[in-house]
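Notes to accompany the following structure.
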Amino acid sequence: MSPDSRKTPPAVSLAALFFGFSKIGLSGFGGVLPFARYYLVDTCRWLSAEEFNQLLGLCQFLPGPNVVNLAVVVGRRHGGPAGACAAACGLLAGPMAVALLLALLYDAWGTLPQAQAMLRGVAAAGVGLLFATAFRMALAIRRKPAFLPFVALVFVAIALLRWPLPAVMLAGIALSGAVAYGLLRKGGE
Amino acid sequence: MNTLLQLFTDFSLLSFVAFGGATALLPELHRVVVDQRQWMDATTFAHLYAIAQAAPGPNVLVVTLIGWQVAGLAGALTATLAMCLPMSVAVYLLFGHWERFKGARWQRAVQLGVAPLAVGLIFSGATLVGRSAGLGWAGWGFVFVVAAFAARARFHPLWCIAAGAALGLAGLV
């Protein structure tokens with residue numbers, strides 16, 4: 001972002017940030033990022049497409065829930081610390097209320113055989129969607145075969161050996177990052 | 001109180017390695033919550049994942065539901081806050097400095113290097129949740145069909161979830 005464009009983010013009221021992000025949070029199932037782009041860039045015009053990509057870059061670079069991070073930076077940009085809180089709370093409040101209502105139903109009737117059968121089916125659908133996500137992400141890196149062993153190594157360490165994630169992640173980033181660093185030096189990317 | 005504190009500590013530490021978001025964190029959540037702390041059995045974990053899929057919202061909702069199962073409303077709020085707060089603060093503080101390190105070779109190396117790890121984690125999460133849900137041959141067959149369809153065409157995930165619920169109720173998966 002050039003200093004010019006940073007000077008003039010339109011001021012947005014806290015209520016508008018809260019309800020805007022509520023709308024984003026409640027629009028999507030299994031992730032709301034596409035709706036965030038649509039709402040922030042096309043509908044509200046709080047951000048240009050380029051600004052959205054800039055902010056999203058930072059949010060996807062850091063660990064943690066990406067969309068929550070995005071709400072924090074957009075809220076900060078348009079409303080300071082209070083704006084960041086309003087946007088993040090707006091994003092989470094509605095979906096949390098819906099999820100907790102479903103959790104109440106689960107507490108009341110979750111042990112019924114019909115509920116168990118239905119949840120097993122929904123879990124199976126969710127697992128299928130997870131595999132599809134992983135497969136699509138794997139396609140995106142297939143042109144860099146040096147990285148494919150890391151997919152397999154992480155699977156063995158986490159799914160089969162059940163090693164703790166922090167250690168696997170630190171070692172993984174060190175090794176995989178070193179490979180990436182080497183590829184970048186050669187101008188491979 | 002002790003449980004809430006444990007929940008907060010566990011989950012806020014996990015947020016630092018949540019590259020790829022809450023979805024990539026599923027296998028570790030399973031390890032901590034089911035195996036290490038024994039807060040719930042594997043089947044309940046799979047059910048909570050299913051409920052999170054059936055609700056609108058960001059993927060971090062599964063963390064909210066895990067917190068709920070462990071310690072009710074206070075647990076739900078604690079778990080969500082613990083997962084979101086550390087990186088929210090980090091992103092808030094780094095916001096003004098992103099321009100300076102964006103595109104640096106080390107930054108691009110980390111970003112490139114993290115991607116295959118996240119893919120491995122999501123494959124792991126899918127396998128573990130599927131195993132926890134107690135799927136039989138028919139169940140895994142349905143998983144395969146959903147994965148094959150969803151990987152090719154982008155259609156609304158609710159259709160898959162509704163189909164799963166219907167097949168489950170009919171006793172077919």
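To find a chain, count down the sequence lines: A is the first, B the second, and so on, and within it residues start at 1. Values below: all heavy atoms of this structure, side chains included; hydrogens, waters and symmetry mates excluded.
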Worksheet entry | B:V63 reachable from B:V34 in the ILVMFWY side-chain graph, under 4.5 Å edges | yes
Item to complete: Determine the option with the most heavy-atom pairs under 4.5 angstrom with chain B, choosing from A:G177, A:A123, A:A117.
Response: A:A117
Practice prompt. Select, from A:N66, A:I173, A:V67, the one with the greatest count of heavy-atom pairs under 4.5 Å involving chain B.
Written response: A:I173
Discussion item. Do A:V32 and A:Y38 land in one hydrophobic cluster if side-chain heavy atoms of ILVMFWY residues count as linked below 4.5 Å?
Written reply: no
Worksheet entry | Contact leader toward chain A among B:S132, B:C160, B:G20, where contacts are heavy-atom pairs under 4.5 Å | B:C160
Worksheet entry | Heavy-atom contact with chain A under 4.5 Å, split by part of B:Q107 | both
Worksheet item: Is the backbone of B:A150 close enough, under 3.5 Å, to the side chain of A:R136 for a donor and an acceptor to pair up by distance?
Response: yes
Worksheet item: For B:L65, is it the side chain, the backbone, both or neither that has a heavy atom under 4.5 Å from a heavy atom of chain A?
Response: side chain
Fill in: Greatest number of heavy atom pairs closer than 4.5 Å to chain B - which of A:L100, A:I24, A:V98, A:T133
A:L100
Worksheet item: Any chain of hydrophobic side-chain contacts (each under 4.5 Å) joining A:L17 to A:F19?
Response: no
Worksheet item: What are the two closest heavy atoms between B:G120 and A:V154, and how far apart are they?
Response: C-CG1, 3.7 Å
Item to complete: Can you tell which part of B:F101 gets under 4.5 Å to a heavy atom of chain A, answering side chain, backbone, both or neither?
Response: side chain
Discussion item. For A:V127 and B:F144: C-alpha separation, side-chain torsions, deciding distance, then whether side-chain contact (heavy atoms from CB on, under 4.5 Å) applies.
Written reply: CA-CA 9 Å; A:V127 170; B:F144 181 81; over 6 Å; no
Worksheet item: Can you tell me if A:R76 uses its side chain to pair, donor with acceptor, with the backbone of B:Y92 under 3.5 Å?
Response: yes
Fill in: Among B:L128, B:V60, B:L167, residue most engaged with chain A (heavy-atom pairs, under 4.5 Å)
B:L128
Fill in: Heavy-atom side-chain contact between B:P116 and A:S176 under 4.5 Å
yes
Item to complete: First locate atom CG of A:L129, then atom CD1 of B:I161, and finally report the distance between them rounded to the nearest 0.5 Å.
Response: 6.0 Å
Practice prompt. Starting from the C-alpha separation in whole Å, work towards a yes-or-no answer on side-chain contact (heavy atoms from CB on, under 4.5 Å) for A:V68 and B:M83.
Written response: CA-CA 10 Å; A:V68 180; B:M83 186 54 64; over 6 Å; no
Practice prompt. Identify which part of B:W106 has an atom lying under 4.5 Å from any heavy atom of chain A, answering side chain, backbone, both or neither.
Written response: both
Worksheet item: Given that the side chain runs from C-beta out, which part of B:V129 has a heavy atom under 4.5 Å from chain A: side chain, backbone, both or neither?
Response: both
Worksheet item: Among B:A115, B:A46, B:A22, B:A54, which residue forms the greatest number of heavy-atom pairs with chain A at distances under 4.5 Å?
Response: B:A54
Worksheet item: Considering only heavy atoms from C-beta outward, does the side chain of B:V91 approach that of A:L58 to under 4.5 Å?
Response: yes
Item to complete: Please step through side-chain contact (heavy atoms from CB on, under 4.5 Å) for the pair A:M96 and B:L77, ending with a clear verdict.
Response: CA-CA 9 Å; A:M96 278 175 76; B:L77 295 173; 3.7 Å; yes
Practice prompt. Heavy atoms only, distances under 4.5 angstrom: which of B:Q53, B:R105, B:M87 has the most pairs with chain A? Name it, please.
Written response: B:R105
Worksheet item: Under 4.5 Å between any side-chain heavy atoms of A:F61 and B:V114, yes or no?
Response: no
Fill in: Heavy-atom contact with chain A under 4.5 Å, split by part of B:L169
both
Item to complete: May I ask you to name which of B:A76, B:A162, B:A55, B:G171 has the most heavy-atom pairs under 4.5 Å with chain A?
Response: B:A55
Worksheet entry | pair A:I141-B:L112: side-chain heavy atoms closer than 4.5 Å | no
Worksheet item: Is any side-chain heavy atom of A:M118 less than 4.5 Å from a side-chain heavy atom of B:H47?
Response: no
Discussion item. As an exercise: rank A:P164, A:P166, A:A178 by heavy-atom pairs under 4.5 Å with chain B and give me the winner.
Written reply: A:P164
Practice prompt. Identify which part of A:V179 has an atom lying under 4.5 Å from any heavy atom of chain B, answering side chain, backbone, both or neither.
Written response: neither
Worksheet item: Got a donor-acceptor contact below 3.5 angstrom from the B:W98 side chain to the A:Q54 backbone?
Response: yes
Response to the item:
Applying a strict 4.5 Å limit to non-hydrogen atoms, the region of B:H156 in contact with chain A is side chain
Response to the item:
Rounded to the nearest 0.5 Å, the CG atom of A:L102 sits from the CG atom of B:L61 at a distance of 10.0 Å
Item to complete: Measure from NZ or CZ of A:R77 to the centre of the six-membered ring of B:F95, then state whether that distance is under 6.0 Å and the direction lies within 45° of the axis.
Response: no
Worksheet item: Taking C-beta and beyond as the side chain, do B:R31 and A:W163 meet within less than 4.5 Å on heavy atoms?
Response: no
Item to complete: Quick one: sort the B:F123 and A:F131 rings into parallel, tilted or perpendicular, breaks at 30° and 60°.
Response: tilted
Worksheet item: Applying the 4.5 Å side-chain criterion to the ILVMFWY set and letting contacts propagate, would B:L117 and A:L160 be lumped into a single cluster?
Response: yes
Practice prompt. Quick one: pull up CG in A:N69 and SG in B:C84 and give me the separation to the nearest 0.5 Å.
Written response: 8.0 Å
Worksheet item: Between B:R108 and A:Y181, does a side-chain contact (heavy atoms from CB on, under 4.5 Å) hold up when you go through it step by step?
Response: CA-CA 8 Å; B:R108 288 164 63 205; A:Y181 198 81; over 6 Å; no
Item to complete: For chain A, find which of B:G164, B:A52, B:S124, B:A50 contributes the most heavy-atom pairs closer than 4.5 angstrom.
Response: B:S124
Practice prompt. Side chain from CB out, backbone as N, CA, C, O: work out which of these in B:L172 comes under 4.5 Å of a heavy atom of chain A, or both, or neither.
Written response: neither
Worksheet item: Roughly how far, to the nearest 0.5 Å, is CZ of A:F135 from CD1 of B:I122?
Response: 14.0 Å
Practice prompt. To the nearest 0.5 angstrom, please state how far the CG atom of A:L165 sits from the CG atom of B:L29.
Written response: 9.0 Å
Worksheet entry | Straight-line distance of A:L130 CG to B:T127 OG1, nearest 0.5 Å | 9.5 Å
Discussion item. If you define the side chain from C-beta out and look only at heavy atoms, does anything of A:L104 sit under 4.5 Å from B:W68?
Written reply: yes
Discussion item. Measuring only between side-chain heavy atoms, which start at C-beta, is A:P65 closer than 4.5 Å to B:N59?
Written reply: no
Worksheet item: If you count heavy-atom pairs under 4.5 Å with chain B, which of A:G110, A:G126, A:G94, A:G75 comes out on top?
Response: A:G126
Practice prompt. Specify which of A:A146, A:A88, A:G128, A:P113 makes the most heavy-atom pairs with chain B at under 4.5 Å.
Written response: A:G128
Worksheet item: So what's closer than 4.5 Å to chain A heavy atoms on B:L26: side chain, backbone, both or neither?
Response: side chain
